[in-house]
Asker: 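If you scroll down you'll find the structure; I have some questions about it.
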Amino acid sequence: MSGTLLVTGGSGGIGAATCRLAAQRGYDVAIGFADNAAAASAVAEDVRKAGRRAVTVRADVADSDQVRAMFAQVDGELGPLNAFFNNAGILFAGTRFMDIGEAQLDRMIAINFKGAYIAAQEAARRLAKSRGGPGGAIVNMSSMLAKLGGGVENNDYGATKAAIEAMTIGMAKELASDGVRVNAVRPGLIDTEIHARAGDPGRVGRLMGSVPLGRAGFPEDVAEAVLWLLSDQAAYTTGTILDVAGGRGI
Ligand code: NAP
């Protein structure tokens with residue numbers, strides 16, 4: 001399957017790599033971003049260089065109105081979606097469970113869970129055949145920290161990603177008869193800006209020893225898995241959480 005794909009968090013890291021690979025695989029791409037308009041524009045330029053159409057759409061996924069406006073803008077500027085990568089997310093610096101403050105917890109839930117939930121609903125409403133949609137595929141973004149309980153320092157993050165996994169499984173069951181497959185990727189330690197943004201630029205180097213394959217993942221490693229899950233080659237795969245973790249967490 002190719003067609004029209006929206007990627008939240010398309011301006012950075014895994015999302016940007018997925019937008020670029022998607023264009024090479026024949027998708028027109030809507031690049032969601034929160035703040036970094038210049039990075040989103042650079043990704044859009046690469047999509048156009050690959051011969052596909054691109055739009056950039058600003059939305060803080062913590063704001064439901066902005067999420068709905070983002071989907072409406074994509075409808076208007078790129079046309080009907082048949083694929084959605086629900087990728088945007090944040091991480092905070094490692095904090096002991098007992099010390100995670102309520103404001104941090106609220107922000108984590110607002111972006112990594114509620115924002116992703118509202119966005120998944122908007123996508124499902126557009127794709128579901130019973131609502132007049134074309135069918136299609138959705139990939140949600142989990143993390144190996146869902147399985148690891150957030151490790152020893154990111155429990156809030158791990159808990160939101162575990163919720164994403166439950167959402168994915170329920171969505172897959174409900175939307176199968178609507179022609180919509182729903183899966184998630186569960187990346188391990190991927191070398192992106194998320195670690196520095198969390199105030200911990202040394203995180204990848206520090207945790208590398210926990211990866212059996214002996215290296216951090218590239219954003220492109222995850223993009224390949226996402227594009228496969230979206231493709232017709234994955235036609236019989238739904239409700240799956242696919243580890244892309246170099247063996248971390250097994
Ligand atoms: P990244 O390099 O920090 O990129 C994050 C992307 O999300 C950026 O495009 C950013 O947009 C966007 N974003 C951040 N907050 C947002 C908000 N409130 N609303 C809308 N967009 C927002 O991170 P990444 O490593 O690629 O992470 C992408 C996803 O993979 C996240 O869900 C993360 O939890 C998950 N993940 C990452 C790893 C890892 O090791 N890197 C492992 C497992 C799972 P702006 O640039 O415009 O701010």
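Counting convention: from 1, in listed order, for ligands and their atoms alike.
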Asker: Which atoms of ligand 1 have any heavy atom of I14 under 4.0 Å away?
Answerer: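 Ligand 1 atoms under the 4.0 Å threshold to I14: 26 (O), 30 (O), 37 (C).
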Asker: Can you pull out the closest protein heavy atom to atom 31 (C) of ligand 1? Residue, atom name and distance to 0.1 Å, please.
Answerer: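 Nearest neighbour among protein heavy atoms for atom 31 (C) of ligand 1, to 0.1 Å: N87 O, 3.3 Å.
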Asker: Calculate, to the nearest 0.5 Å, the distance between atoms OG1 and CD belonging to T95 and E153 respectively.
Answerer: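 It comes to 8.0 Å.
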Asker: So, R107 and D60, do they make that salt bridge, N to O below 4.0 Å?
Answerer: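 Yes, charged N to carboxylate O under 4.0 Å.
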Asker: Under a 4.0 Å threshold between the charged nitrogen and the carboxylate oxygen, would E165 count as salt-bridged to K147?
Answerer: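 E165 and K147: not salt-bridged.
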Asker: Is there any N or O on L189 that sits under 3.5 Å from an N or O of ligand 1?
Answerer: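 No, since none of the N or O atoms of L189 sits under 3.5 Å from an N or O of ligand 1.
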Asker: On a heavy-atom basis, which atom in A88 and which in G9 lie closest, and how many Å separate them?
Answerer: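 Where A88 meets G9 most closely, the heavy atoms are CB-N, 3.8 Å.
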Asker: Between I111 and ligand 1, find which residue part has any heavy-atom pair under 4.0 Å and reply side chain, backbone, both or neither.
Answerer: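 Only the side chain of I111 comes within reach of ligand 1.
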Asker: Select one of side chain, backbone, both or neither to describe which atoms of M144 lie under 4.0 Å from any atom of ligand 1, heavy atoms only.
Answerer: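 For M144, no heavy atom sits under 4.0 Å from ligand 1.
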Asker: Can you tell me if G115 has a non-hydrogen atom under 4.0 Å from ligand 1?
Answerer: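 No, that is not the case, since the closest heavy atom of the residue is not under 4.0 Å from the ligand.
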Asker: Using a 4.0 Å cut-off to any heavy atom of G13, which atoms of ligand 1 qualify?
Answerer: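 Near G13, meaning under 4.0 Å from one of its heavy atoms, ligand 1 has 2 (O), 26 (O).
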Asker: Quick one: look at R186 and ligand 1, take heavy-atom pairs under 4.0 Å, and tell me if it's side chain, backbone, both or neither.
Answerer: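 Contact part for R186 vs ligand 1: neither.
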Asker: Side chains of V185 and M141: does their closest heavy-atom pair fall under 4.5 Å?
Answerer: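 Heavy-atom side-chain distance check passes, below 4.5 Å.
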Asker: Given that the side chain starts at C-beta and the backbone is N, CA, C, O, which of these parts of A59 lies under 4.0 Å from ligand 1, counting heavy atoms, or is it both or neither?
Answerer: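 Looking at A59 and ligand 1, just backbone atoms fall under 4.0 Å.
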Asker: Does G188 have a heavy atom less than 4.0 Å from any atom of ligand 1?
Answerer: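 Contact check G188 vs ligand 1: positive.
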Asker: Taking only heavy atoms of S143, which atoms of ligand 1 are found under 4.0 Å from at least one of them?
Answerer: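 Per the distance check, 43 (C), 44 (C).
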Asker: Do any nitrogen or oxygen atoms of M141 lie less than 3.5 angstrom from nitrogen or oxygen atoms of ligand 1?
Answerer: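 Among all N and O atoms of M141, none is under 3.5 Å from an N or O of ligand 1.
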Asker: Can you confirm whether more than 12 heavy atoms, excluding those of Y117, are under 6.0 Å from its OH atom?
Answerer: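 No, the 6.0 Å shell around OH holds no more than 12 heavy atoms from other groups.
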Asker: Can you establish whether the number of heavy atoms outside E193 located under 6.0 Å from its atom CD is more than 12?
Answerer: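 Incorrect, the count does not exceed 12.
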Asker: Answer yes or no: does an N/O atom from A62 fall short of 3.5 Å to an N/O atom of ligand 1?
Answerer: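 No, since none of the N or O atoms of A62 sits under 3.5 Å from an N or O of ligand 1.
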Asker: Any nitrogen or oxygen of F33, main chain or side chain, under 3.5 Å from a nitrogen or oxygen of ligand 1?
Answerer: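 N/O-N/O distance below 3.5 Å does not exist for this pair.
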Asker: Check whether more than 12 heavy atoms from other residues, nucleotides or ligands sit under 6.0 Å from atom CD of E174, and answer yes or no.
Answerer: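 Result for CD/E174: open.
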Asker: For atom 24 (P) of ligand 1, find the nearest protein heavy atom and state the residue, atom name and distance (0.1 Å precision).
Answerer: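 Going by distance alone, atom 24 (P) of ligand 1 is nearest to T192 OG1, 3.5 Å.
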Asker: We want to know whether N140 and T168 form a side-chain donor-acceptor pair, criterion being a heavy-atom distance below 3.5 angstrom.
Answerer: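 Yes, a side-chain donor-acceptor pair sits under 3.5 Å.
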Asker: Taking atom types as modelled, find out whether S210 and R248 have a side-chain donor-acceptor pair closer than 3.5 angstrom.
Answerer: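 R248 and S210 do have a side-chain donor-acceptor pair below 3.5 Å.
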Asker: Starting from atom 27 (O) of ligand 1, locate the nearest protein heavy atom and write down its residue, its atom name and how far away it is, to 0.1 Å.
Answerer: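 So the nearest neighbour among protein heavy atoms is I194 CD1, 3.9 Å.
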Asker: Would D35 count as being in polar contact with ligand 1, using the rule that some N or O on each side must be under 3.5 angstrom apart?
Answerer: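 Yes, D35 has an N/O under 3.5 Å of an N/O on ligand 1.
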Asker: Whether E45 and R20 form a salt bridge (side-chain N of Lys/Arg under 4.0 Å from carboxylate O of Asp/Glu) is what I want to check.
Answerer: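 Looking at E45 together with R20, the answer is no, because their closest N to O distance does not fall below 4.0 Å.
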Asker: Which bit of A37 gets closer than 4.0 Å to ligand 1, counting heavy atoms only: side chain, backbone, both or neither?
Answerer: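 None of A37 does.
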Asker: Please identify which atoms of ligand 1 are closer than 4.0 Å to at least one heavy atom of N36.
Answerer: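 Near N36, the atoms of ligand 1 are 45 (P), 46 (O), 47 (O).
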Asker: Identify whether the distance between the nearest side-chain nitrogen and carboxylate oxygen of D99 and R96 falls below 4.0 Å.
Answerer: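 Judged by the 4.0 Å cut-off on N to carboxylate O distance, D99 and R96 do not form a salt bridge.
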Asker: Quick one: which ligand 1 atoms are inside 4.0 Å of a heavy atom on D60?
Answerer: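 Those atoms are 17 (C), 18 (N), 19 (N).
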Asker: Residue-level breakdown please: for I90 versus ligand 1, do any non-hydrogen atoms fall below 4.0 Å on the side chain, on the backbone, on both, or on neither?
Answerer: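 The answer is the side chain.
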Asker: Does the pair D178/R125 count as a salt bridge with the N-to-O cut at 4.0 Å?
Answerer: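 No, D178 and R125 are not salt-bridged.
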Asker: Among all protein non-hydrogen atoms, which one is nearest to atom 16 (C) of ligand 1, and what is the separation to 0.1 Å?
Answerer: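 Looking only at protein heavy atoms, the one closest to atom 16 (C) of ligand 1 is A34 CB, 3.7 Å.
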